[in-house]
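I have placed the structure first, in the form of structure tokens, so that the comments after it can refer back to it.
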Amino acid sequence: MIAMIENDDLQHISSVLTNWYKKNKRDLPWRNIHDPYRIWISEIILQQTRVAQGYDYYLKFTQQFPDVQLLANAPEDEVLKCWQGLGYYSRARNLQAAAKQIMTQHNGKFPSAYDDILALKGIGEYTAAAISSFAFKQPYAVVDGNVFRFLSRYFGIDSPIDSGAGKKQFTELANSLLDKQQPDLHNQAIMEFGALQCTPTNPDCIHCPLETSCFAKEHDKISYLPVKEKKTRVTHRYFHHLVFICGEETLLSKRSDKDIWQNLYEFPLYESTKLCSFEEILMERNWLSELVKLNSVHVSYQSKEIKHVLSHQIIHAIFYVINTECTTSELSHFIPVKIEHLNKYPVSRLTEKFLKKFSENLPYSKNKYIFTAN
DNA sequence: ATCCCGGTCT
DNA sequence: AGACCGGGAT
């Protein structure tokens, strides 16, 4: 049925979208620029992220890392710190890996060929099409969540957008709709239309310039389209963090591969399949019991359970603040950190949340001012 | 409290 | 196919 759409109709739709865009577009700092580096940064930030959430990060990131070389040569901790709170931290790690790729494979100049762009780490089909069209005016149609939604509703396509066949079908349709004379304008327009007009819930059909020819509107399928088939199942995890206070210092560890928050820092963690008391943790961590025997260790603060919800995991966390007189060398597999330098280390929203609560609960300590993650 | 939203990598 | 994150809407 898609094959039966006339070329004239497709051209008409594209021109309606671009006209709508010219009247309704938001003024954003990554619009009307041609520096591929900045366009790239904006597209990575906007992956899985709303404009409102990514806006300040774009400004901060491009200010701190103004070009490919400075990004490539920066310490990873600084890049992650700049990304702190934005989520999906592999985006920041891949951003830097790609910057190094550009330095070694392209002499530091952002590549312009679609295949070279696609080969960069963290850049998939969507982002390659976005950069190719925005920075180099090449005719590649973007297919992001906004485009899936608009196309599925307008043309009444119920192929699941998270299946291989569905992706292929939508990509072909998006490319047949693409205005190849002005692919940048067309791509911006169709995405902005999905973001502002054809929204996930309560789309503004009353003011929609395509209302009278929209399949979903006519057949009352707006809430049904687009179709997704995958269900995410949620696992529960129980984190017990030990916040050692040894004079001016505390201890951190760096999270490693194959788990959430890779390469971010955290307070030493005991994870188990249920929530534990401090005594239960002692039974599972001999080195800690030894410490208790040797020193006057006491728990000066215990957070309430903090529930941290991700789409695929629910983390139940308790933080134990442990004052100890031990020297940090007794806990040498952790990283000793001056409390006043804690804010240099990239941490998850969960750790940020704890630090905020903890500093608020300190009645008059000067720690109130230095126990922050920002 | 319970839903929904979204690109890339492995 | 499943993992990766945080925030917004209802």
It should be established whether [X] places a side-chain nitrogen or oxygen under 4.0 Å from OP1 or OP2 of nucleotide [N].
X: H312(A); N: dG2(C); value: no
X: W83(A); N: dC4(C); value: no
X: Q313(A); N: dA3(C); value: no

(message) Can you work out whether L264(A) or D162(A) has the more 5'-proximal nearest nucleotide on DNA chain C?
(response) D162(A)

(message) Here's a test of your reading of the structure: between S163(A) and G85(A), which maps to the more 5' nucleotide of DNA chain C?
(response) S163(A)

Please enumerate all residues that pass side chain to side chain donor-acceptor pair (under 3.5 Å) together with [X], with sequence neighbours excluded.
X: S132(A); value: none
X: E125(A); value: none
X: R31(A); value: Y21(A), Q188(A), E192(A)
X: Y88(A); value: none

Listing, residues 147-168 of chain A side-chain donor-acceptor contacts under 3.5 Å, not counting sequence neighbours, or none:
unit_1  : atom_1 : unit_2  : atom_2 : d
R149(A) : NE     : C198(A) : O      : 2.7
R149(A) : NH2    : N146(A) : OD1    : 2.8
R149(A) : NH2    : G194(A) : O      : 2.8
S152(A) : OG     : F148(A) : O      : 3.0
S152(A) : OG     : R149(A) : O      : 3.1
R153(A) : NE     : I222(A) : O      : 3.3
R153(A) : NE     : L225(A) : O      : 3.1
R153(A) : NH1    : T199(A) : O      : 2.8
R153(A) : NH2    : T199(A) : O      : 3.4
R153(A) : NH2    : P200(A) : O      : 2.8
R153(A) : NH2    : I222(A) : O      : 3.4
Y154(A) : OH     : S213(A) : OG     : 2.7
S159(A) : OG     : Q169(A) : OE1    : 2.5
D162(A) : OD1    : E229(A) : N      : 3.1
D162(A) : OD2    : E229(A) : N      : 3.2
D162(A) : OD2    : K230(A) : N      : 2.9
S163(A) : OG     : P160(A) : O      : 2.8
S163(A) : OG     : G166(A) : N      : 3.0
K168(A) : NZ     : E172(A) : OE2    : 3.0

(message) Judged by each residue's nearest nucleotide on DNA chain B, which is more toward the 5′ side, K167(A) or P226(A)?
(response) P226(A)

(message) My understanding is that only residues two or more places apart in sequence, or in another chain, count here; which of them pass ring pair (Phe, Tyr, Trp, His ring centres under 6.0 Å) with H219(A)?
(response) F215(A)

(message) Using the ring pair (Phe, Tyr, Trp, His ring centres under 6.0 Å) criterion, which residues pair with H186(A)? Sequence neighbours excluded.
(response) none

Could you state the [atom1]-[atom2] distance from [X] to [N], rounded to the nearest angstrom?
X: L350(A); N: dC4(C); atom1: CG; atom2: P; value: 15 Å
X: Q48(A); N: dA3(C); atom1: CD; atom2: P; value: 16 Å
X: Q47(A); N: dC4(C); atom1: CD; atom2: P; value: 17 Å
X: K258(A); N: dA3(C); atom1: NZ; atom2: P; value: 12 Å
X: Y89(A); N: dC4(C); atom1: OH; atom2: P; value: 14 Å
X: E229(A); N: dA1(C); atom1: CD; atom2: P; value: 7 Å

(message) Taking any atom closer than 4.0 angstrom to a non-hydrogen atom of chain A, what span of DNA chain B does the protein reach, first nucleotide to last?
(response) dC5(B) to dT10(B)

Measure all distances between protein nitrogen or oxygen atoms and nitrogen or oxygen atoms of nucleotides 8-10 of chain C, and list the pairs falling under 3.5 Å.
unit_1  : atom_1 : unit_2  : atom_2 : d
dT10(C) : OP1    : N202(A) : ND2    : 2.6

(message) By the definition side chain to side chain contact (heavy atoms under 4.5 Å, CB included), identify the one residue from N175(A), T171(A), N187(A), I190(A) that meets it with V143(A).
(response) T171(A)

(request) Over 60° means perpendicular and under 30° means parallel, so classify the ring planes of F358(A) and F354(A), tilted if in between. (result) parallel

Distance-only check: which donor-acceptor pairs under 3.5 Å involve side-chain atoms of residues 312-320 of chain A, not counting sequence neighbours?
unit_1  : atom_1 : unit_2  : atom_2 : d
Q313(A) : OE1    : R237(A) : NH1    : 3.0
H316(A) : ND1    : E305(A) : OE2    : 2.6
H316(A) : NE2    : H236(A) : ND1    : 2.8
Y320(A) : OH     : C276(A) : O      : 2.9

(request) Check DNA chain B against residues 122-138 of chain A and give the residues with a non-hydrogen atom under 4.0 Å, in numerical order. (result) G122(A), I123(A), G124(A), E125(A), Y126(A), T127(A)

(request) Remember a base hit wins even if backbone is also touched, and classify K353(A) as base, sugar-phosphate or nothing at under 4.0 Å, heavy atoms. (result) nothing

(request) Salt-bridge test for E352(A) and R349(A): reply yes if a basic N is under 4.0 Å from a carboxylate O, no otherwise. (result) yes

(request) Can you run down the salt bridge (charged side-chain N to carboxylate O under 4.0 Å, His left out) pairs that involve residues 88-103 of chain A, sequence neighbours left out, and say none if there aren't any? (result) none

